[in-house]
Amino acid sequence: EAQVTQNPRYLITVTGKKLTVTCSQNMNHEYMSWYRQDPGLGLRQIYYSMNVEVTDKGDVPEGYKVSRKEKRNFPLILESPSPNQTSLYFCASTQDSLNSPLHFGNGTRLTVT
Amino acid sequence: DQQVKQNSPSLSVQEGRISILNCDYTNSMFDYFLWYKKYPAEGPTFLISISSIKDKNEDGRFTVFLNKSAKHLSLHIVPSQPGDSAVYFCAASAWGGSGTYKYIFGTGTRLKVLA
């Protein structure tokens, strides 16, 4: 089954404790991206990657890092999480085309206390 | 600066009637527009899209209309069913710099279809 898999689904952590949210897709997509969803703000792009070893900042990249060492994986790293990063995070992927819809994972709900 | 706006946070419609969800945008360079549906505890799923060179696209009960002069698009669901109750996101895509492209999402409209 074609899918984007995120782990974990839920995560509660404390300020400053480094964490990684994993994302993997099995569709051989070149484009992958991370979004955060906050009330009243919709989905905002954090980082995206056009291909292996090619990553770029989205609209809200501060406090986040990503890597794209393999085509299928695109982990999101929070080196020193803060409470304002409490949010619902989605990973997505698509073919390398402007007209290809994004395929989303089921989300990771992160709480930073 | 919200380039894609959904001004109605919520909408309630009776089962069998038409649901109309609206979306406005500000960037005339957007090439492609998409609608996504999101159920609780799931990721958004693609519903329907339209190219900027068209003014209408239909898929079963779902029709998207694009009015480029008004920078407005709408999603019509006819007839509405209780299973359509979800949050709907409007999105637009455009080429960015250095051969990249990006997707901009609206804030979402929560549709409730009443049985």
Side-chain angles (χ1 to χ4, degrees), chain A residues 1-10 21 23-25 27 29-51 54-61 68 87-109, chain B residues 1-10 21 23-25 27 29-54 57 59 62 64 86-110:
Chain A
E1 180 189 352
Q3 59 185 3
V4 177
T5 304
Q6 293 179 230
N7 281 298
R9 291 293 308 273
Y10 301 91
V21 183
C23 174
S24 180
Q25 50 94 4
M27 295 167 280
H29 286 166
E30 293 192 356
Y31 184 100
M32 296 186 74
S33 183
W34 277 101
Y35 292 85
R36 60 178 288 174
Q37 182 188 357
D38 301 291
L41 297 175
L43 291 160
R44 295 180 294 167
Q45 190 177 48
I46 303 170
Y47 268 93
Y48 64 96
S49 169
M50 298 289 289
N51 211 327
V54 180
T55 63
D56 211 344
K57 297 177 181 178
D59 298 316
V60 288
R68 188 90 184 274
S87 186
L88 180 57
Y89 292 86
F90 291 101
C91 180
S93 71
T94 187
Q95 292 287 24
D96 60 342
S97 166
L98 189 68
N99 300 338
S100 299
L102 289 165
H103 297 257
F104 283 86
N106 281 333
T108 296
R109 184 166 292 282
Chain B
D1 177 29
Q2 192 75 25
Q3 296 186 62
V4 177
K5 300 178 184 179
Q6 293 176 258
N7 292 318
S8 299
S10 63
L21 294 92
C23 180
D24 296 297
Y25 62 95
N27 188 345
M29 300 302 290
F30 286 138
D31 289 300
Y32 206 60
F33 301 90
L34 310 93
W35 284 94
Y36 288 83
K37 179 167 71 173
K38 184 184 178 305
Y39 292 120
E42 294 182 11
T45 55
F46 170 69
L47 190 58
I48 192 170
S49 61
I50 187 168
S51 166
S52 61
I53 62 172
K54 295 188 175 182
N57 188 29
D59 183 2
F62 303 92
V64 57
V87 176
Y88 290 78
F89 288 100
C90 169
S93 62
W95 288 106
S98 305
T100 64
Y101 53 91
K102 64 185 306 180
Y103 302 82
I104 309 291
F105 284 82
T107 53
T109 296
R110 183 177 301 278

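First the proteins, then the strands, lettered A, B, ... as listed; each starts at 1. Keep in mind it's a predicted model, so treat the numbers as computed, not measured.
The nearest pair of heavy atoms linking A:N106 to B:G43 is OD1-N, 3.4 Å. Contact detail for B:Y103 and A:S100: the closest heavy-atom pair is OH-O, 3.0 Å. B:K38 approaches A:F90 most closely through the heavy-atom pair CE-CZ, 3.3 Å. Of all the heavy atoms in A:Y31 and B:K102, the pair that sits closest is OH-CA, 4.2 Å.
When heavy atoms are compared at a cutoff of 4.5 Å, B:A91 does not approach chain A at all. At a 4.5 Å heavy-atom cutoff, the contact between A:Q37 and chain B is made by side-chain atoms alone. Within the 4.5 angstrom heavy-atom criterion, no atom of B:P9 approaches chain A. Contacts between A:L41 and chain B at a heavy-atom distance below 4.5 Å involve the backbone alone (N, CA, C, O). Within the 4.5 angstrom heavy-atom criterion, only side-chain atoms of A:R9, from C-beta onward, approach chain B.
Aromatic ring centres of A:Y35 and B:F89: separated by at least 6.0 Å.
The greatest number of non-hydrogen atom pairs below 4.5 Å with chain B, out of A:L43, A:V54, A:V4, is found for A:L43.
When the shell of 6.0 Å around CZ of A:R44 is examined, it contains more than 12 heavy atoms from other residues, nucleotides or ligands.
Within the 4.5 Å cutoff, side-chain heavy atoms of B:F105 are placed close to those of A:L102.
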